[in-house]
A.B. asks: 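Here's a structure for you.
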Amino acid sequence: MPELPEVETIVRGLRKAVVGAQVEKLQVIDPHISLPEKEIIGKRIAAVERRGKYIILRLEPHGSLIFHLRMSGRLLRVCPPGEGKYSRLVLHLDTGVLRFINPRRLGTVEFSDNGFPHKLGLEPLGSAFTVRRLRGIVRHSRSPIKLVLMNQHKIAGLGNIYSAEALWRARIDPRRPANSLTAPETRALHTGIVEVLKDAINHMGTTFSDYRTADGDKGGFQEFLAVYGKTGEPCPRCGTEIERIKQGGRSTYLCPKCQI
DNA sequence: AGTAGGACCTGGTGGC
DNA sequence: TGCCACCAGGTCCTAC
């Protein structure tokens, strides 16, 4: 469920609380999870980082635990009453407990001893993500622009909500072939992406149902969505009814009048 | 190269 | 209450 802003919020919440903590015990509840206990028990957490939608707990002196929450996972330092039901892994730290909650079991956790093992595209909030680089990404594909934005090998961190919202901000129809975007449209899209992600981080992400911060709180950005999940409601810019369409098997929301 | 469909999993919701 | 269809912040794989 979480996209970049939600994962970033979780990472910031964890960072404050678990950096420097020592892992005392691993409680593996889901038999699908296999971790090398010897590499983890007794280690201290050196850092908490985000790459795309992955959460990385770096251990001292080497190794890391890498989580991906997929659709419904949570990583909770504070677990509200009754919400520990789908705990699949519990990390007992000398400063408290960290729960990996994963109701649909789509989320993953793995140990890596040699860096980050996944290939990902540009970080949209990194300094390398320039208009120029976005132009380079966009003009080599005839796929619909929304699918390009959601491709983690190209840009890492955008998912269904924020790609739809960024396209609305840039007034671009999500079905447009990526390589049909003009230079001004690409510039507007770059701005839309960066700003929607920053705005969402400032509100601790978007909570529909599952997502919680590491402290168990809901995000607040759902109040500020323009199109996502707003079928039939008026476009905040022009008042036209928001439409829902399907792309790549996922719902996309758009304003049929001001996204062209 | 693109795109559709299914697989992985489980739970919530709305219609009849 | 029961059953059914469809929905879900993700990603990977196969097949036209």
Side-chain angles (χ1 to χ4, degrees), chain A residues 1-11 29-33 50-55 66-75 82-89 100-110 117-121 124 137-168 174-180 193 196-197 199-201 203-214 217-232 244-253:
Chain A
M1 68 206 201
E3 305 180 32
L4 187 151
E6 291 75 34
V7 175
E8 180 65 26
T9 302
I10 291 167
V11 162
I29 297 154
D30 184 343
H32 295 221
I33 294 176
R50 178 189 62 73
R51 180 79 178 89
K53 301 174 191 171
Y54 289 89
I55 297 165
I66 302 171
F67 294 86
H68 195 302
L69 304 180
R70 298 283 182 100
M71 297 283 266
S72 63
R74 302 182 191 175
L75 203 49
E83 303 206 355
K85 193 168 158 197
Y86 300 103
S87 296
R88 310 297 188 192
L89 170 71
F100 178 41
I101 300 188
N102 192 20
R104 291 169 67 181
R105 291 206 194 93
L106 295 173
T108 58
V109 54
E110 66 198 314
H118 303 282
K119 264 217 162 82
L120 289 177
I137 288 167
V138 136
R139 71 158 165 232
H140 291 295
S141 172
R142 269 170 288 150
S143 292
I145 183 62
K146 166 133 183 302
L147 299 187
V148 172
L149 296 185
M150 289 181 66
N151 183 337
Q152 303 300 301
H153 300 289
K154 297 182 174 169
I155 301 172
L158 290 173
N160 213 24
I161 294 181
Y162 298 109
S163 49
E165 292 291 320
L167 286 162
W168 178 82
R175 294 164 287 201
R176 287 268 300 282
N179 64 1
S180 76
I193 291 168
V196 76
L197 294 176
D199 289 349
I201 289 172
H203 290 278
M204 320 265 277
T206 301
T207 296
F208 276 101
S209 54
D210 293 313
Y211 161 68
R212 296 293 183 278
T213 71
D217 300 320
K218 296 184 179 185
F221 195 66
Q222 57 279 9
E223 315 275 337
F224 302 93
L225 297 174
V227 289
Y228 186 86
K230 304 282 186 187
T231 317
R244 184 174 81 146
I245 60 169
K246 282 266 179 206
Q247 287 185 289
R250 316 286 306 277
S251 292
T252 296
Y253 302 87

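Below, chain A is the first sequence line, B the second, and so on; all start at residue 1. Because only heavy atoms are used, hydrogens play no part in the values below, and waters and symmetry mates are left out as well, while side chains stay in.
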A.B. asks: How long is the line joining CG of A:Asp30 and C1' of B:dC9, in whole Å?
C.D. replies: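 Distance, rounded to whole Å: 11 Å.
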
A.B. asks: Any side-chain heavy-atom pair from A:Asn151 and A:Ile137 closer than 4.5 angstrom?
C.D. replies: no

A.B. asks: Do A:Pro117 and A:Ile66 have side-chain heavy atoms sitting under 4.5 Å apart?
C.D. replies: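 Yes; the side chains approach each other to less than 4.5 Å.
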
A.B. asks: Please report, rounded to the nearest Å, how far the P atom of C:dG10 is from the CG atom of A:Leu4.
C.D. replies: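 It is 12 Å, rounded to the nearest whole Å.
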
A.B. asks: Does a donor on one side chain and an acceptor on the other come within less than 3.5 Å for A:Tyr162 and A:Glu6?
C.D. replies: yes

A.B. asks: Does the side chain of A:Ser251 get closer than 4.0 angstrom to OP1 or OP2 of C:dA8 through an N or O atom?
C.D. replies: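 Yes, because at least one side-chain N or O of A:Ser251 sits under 4.0 Å from OP1 or OP2 of C:dA8.
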
A.B. asks: Considering only heavy atoms and no angle criterion, is a donor-acceptor pair shorter than 3.5 Å present between the side chain of A:Arg104 and the base of B:dC9?
C.D. replies: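 Indeed there is one.
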
A.B. asks: Rounding to the closest angstrom, what is the interatomic distance between B:dC9 and C:dC3 at atom P?
C.D. replies: 25 Å

A.B. asks: Quick one: CD on A:Gln152 to CG on A:Leu4, what's the gap to the nearest 0.5 Å?
C.D. replies: 9.0 Å

A.B. asks: Which whole number of Å gives the distance between the P atom of B:dA1 and that of C:dG10?
C.D. replies: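 The answer is 25 Å between these two P atoms.
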
A.B. asks: C:dT11 P sits how many Å from A:Asn102 CG, rounded?
C.D. replies: 14 Å

A.B. asks: Could you state the CE-C1' distance from A:Met71 to C:dC6, rounded to the nearest angstrom?
C.D. replies: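 My rounded result for the distance is 13 Å.
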
A.B. asks: Considering Watson-Crick and G-U wobble pairs with both distances under 3.5 Å, what does B:dG12 pair with?
C.D. replies: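 Pairing partner, where one exists within any strand: C:dC6.
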
A.B. asks: Is there side-chain contact between A:Ser251 and A:Lys246, with at least one heavy-atom pair below 4.5 Å?
C.D. replies: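 Side chain of A:Ser251 against side chain of A:Lys246, heavy atoms only: contact under 4.5 Å found.
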
A.B. asks: Over all strands shown, is A:Tyr253 touching base, sugar-phosphate only, or nothing at heavy-atom distances under 4.0 angstrom?
C.D. replies: sugar-phosphate

A.B. asks: I'd like to know whether the aromatic ring centres of A:Phe208 and A:Tyr228 sit less than 6.0 Å apart in this structure.
C.D. replies: yes

A.B. asks: Toward the 5' end of DNA chain C, which comes first, A:His68 or A:Gly249, by nearest nucleotide?
C.D. replies: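 Nearest nucleotide further toward 5': that of A:Gly249.
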
A.B. asks: I'd like to check A:Leu75 versus A:Val11 (side-chain heavy atoms, cut-off strictly below 4.5 Å). Are they in contact?
C.D. replies: no

A.B. asks: Any side-chain N or O of A:Lys53 less than 4.0 Å from the OP1 or OP2 oxygen of C:dT11?
C.D. replies: yes

A.B. asks: According to a strict under-4.0 Å criterion, is A:Arg105 in side-chain N/O contact with OP1 or OP2 of B:dC8?
C.D. replies: no

A.B. asks: Measuring to OP1 and OP2 of C:dC6, would you say a side-chain N or O of A:Arg244 lies under 4.0 angstrom away?
C.D. replies: no

A.B. asks: Decide yes or no for A:Phe100 and A:Ile33: does some side-chain heavy atom of the first lie under 4.5 Å from some side-chain heavy atom of the second?
C.D. replies: yes

A.B. asks: Please state how far atom CZ in A:Arg88 lies from atom P in B:dC8, giving the value in whole angstrom units.
C.D. replies: 16 Å

A.B. asks: Identify whether any heavy atom of A:Ser209 sits under 4.0 Å from a base atom; if not, whether one sits that close to sugar-phosphate; answer base, sugar-phosphate or nothing.
C.D. replies: base

A.B. asks: Let me know the distance between CD1 of A:Ile33 and P of B:dC8, rounded to the nearest Å.
C.D. replies: 18 Å

A.B. asks: Once you round it to whole Å, what is the distance between C1' of C:dG10 and CG of A:Leu120?
C.D. replies: 13 Å

A.B. asks: For DNA chain B, which residues of residues 142-168 of chain A approach it to below 4.0 angstrom with any heavy atom?
C.D. replies: A:Arg142, A:Ser143, A:Pro144

A.B. asks: Quickly work out the A:Arg250 CZ to B:dT3 P distance and round it to whole Å.
C.D. replies: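 The distance from CZ of A:Arg250 to P of B:dT3 comes to 17 Å, rounded to the nearest Å.
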
A.B. asks: Would you please confirm or rule out a distance under 4.0 Å between OP1 or OP2 of B:dC9 and any side-chain N or O of A:Tyr86?
C.D. replies: no

A.B. asks: Give one of base, sugar-phosphate or nothing for A:His32, where a contact means two heavy atoms less than 4.0 Å apart.
C.D. replies: sugar-phosphate

